[in-house]
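A short worksheet on the structure shown next.
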2 protein chains.
Amino acid sequence: MISKELIGASAKPLVLSVLAQGEDYGYSIIQRVRQLSEDQIEWTEGMLYPVLHRMEKEGLLVSSWQVGDSGRKRKYYRLSKTGAKSIAREQAQWIAVHNTLAKLWGMKPCTT
Amino acid sequence: MISKELIGASAKPLVLSVLAQGEDYGYSIIQRVRQLSEDQIEWTEGMLYPVLHRMEKEGLLVSSWQVGDSGRKRKYYRLSKTGAKSIAREQAQWIAVHNTLAKLWGMKPCTT
DNA sequence: TTGACATACATAGCCGTGTTAGGCATAATA
DNA sequence: TATTATGCCTAACACGGCTATGTATGTCAA
């Protein structure tokens, strides 16, 4: 179980990074993150949807309703240019904190 | 500048890990973290003191007033047994999230 | 002496955000 | 037909960081 603080801190960078691989919709993003984390990160819909709305309002994402193969309406999100650029900043912040923890834990720092 | 979300998520593991190296007091912890992060993590007192109080209330820390060489009264914190044990859990959570991000960023995962 | 500054702790109000809980709707499955 | 999985959304609540402020002491220079 991941703490709500960590959930909150990782939501934005994770959404941005997932969408960097191509557009996706809310419900699917939750599954993708769960799989990527090997069932360790279990997002709730009540957490993700407001995050997506906020990020769209901030201009990081763009949404569009589409009807997929299933015939069901889905709200797909993709990165805006601003969103694509912001990944680097999110990444830098994360690495900065991670490397500080890594020092205290006797781990090797992350480059790149 | 680190986002408030990341600040919040990293506060507890950072405090625990700093105190794992020996007891310390609030004002000093802020400096320690700033140095360790190479000036990238700049905690405010209004953020840290409530964190320390909470962690003590949770039984993770134990405090004691001491008079150091400077003749000034300081409130030193050290890990309780519970606090020492909790580091591993905090670490596991952090690594879980980090490795998920690392996958998306094409980085090598952290092993322990 | 006096003023400025770093040290050192603490709290109050504002605001953002995850959680819990609930609602609504459709397609697939039993 | 009933249930489950899918798929979106929002409201009330509680928690916690930020800003601002208050208090107090030691150091150093004018």
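Letters go in sequence order (proteins before strands), and every chain restarts at 1.
Rounded to an integer number of Å, the gap from CG of B/Leu48 to P of D/dT19 is 15 Å. Spacing between atom CD of A/Glu5 and atom C1' of D/dC15 amounts to 8 Å, rounded to whole angstrom units. Between the C1' atom of D/dG7 and the CD atom of A/Gln66 lies a distance of 14 Å, rounded to the nearest Å. Rounded to an integer number of Å, the gap from B/Leu6 CG to C/dG16 C1' is 15 Å. Summarising the geometry, the separation between CH2 on B/Trp43 and P on D/dC18 is reported as 11 Å, rounded to the nearest angstrom. We find that CE of B/Met55 is positioned 11 Å from P of D/dG17, with the value rounded to whole Å. Rounded to whole Å, atom P of C/dT19 lies 11 Å from atom CD1 of A/Ile30. Atom CG in A/Leu14 sits about 16 Å away from atom P in C/dT17, given to the nearest Å.
By the 4.0 Å N-to-carboxylate-O rule, B/Glu38 lies close enough to A/Lys103 to be salt-bridged with it.
Of the residues listed (A/Leu14, A/Leu6, A/Ile30, A/Leu36), the one engaging A/Ile41 in a side chain to side chain contact (heavy atoms under 4.5 Å, CB included) is A/Leu14, and it is the only one.
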Report summary line: With B for base contact, S for sugar-phosphate-only contact and - for none (protein heavy atoms under 4.0 Å), nucleotides 9-14 of chain C reads BBB---

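Where B/Arg72 and B/Val51 meet DNA chain D, the nucleotide closest to each residue was compared, and B/Val51 sits on the side nearer the 5' end.
No side-chain heavy atom of A/Val15 sits less than 4.5 Å from a side-chain heavy atom of A/Leu60.
Residues passing the salt bridge (Lys or Arg N to Asp or Glu O under 4.0 Å) test with A/Glu58, sequence neighbours excluded: A/Lys12.
Checked by atom type and distance alone, the side chain of B/Gln21 never pairs as donor or acceptor with a backbone atom of B/Ser17 at under 3.5 Å.
The minimum heavy-atom distance linking A/Gly26 with A/Leu52 is given by the pair CA-CD1, 3.9 Å.
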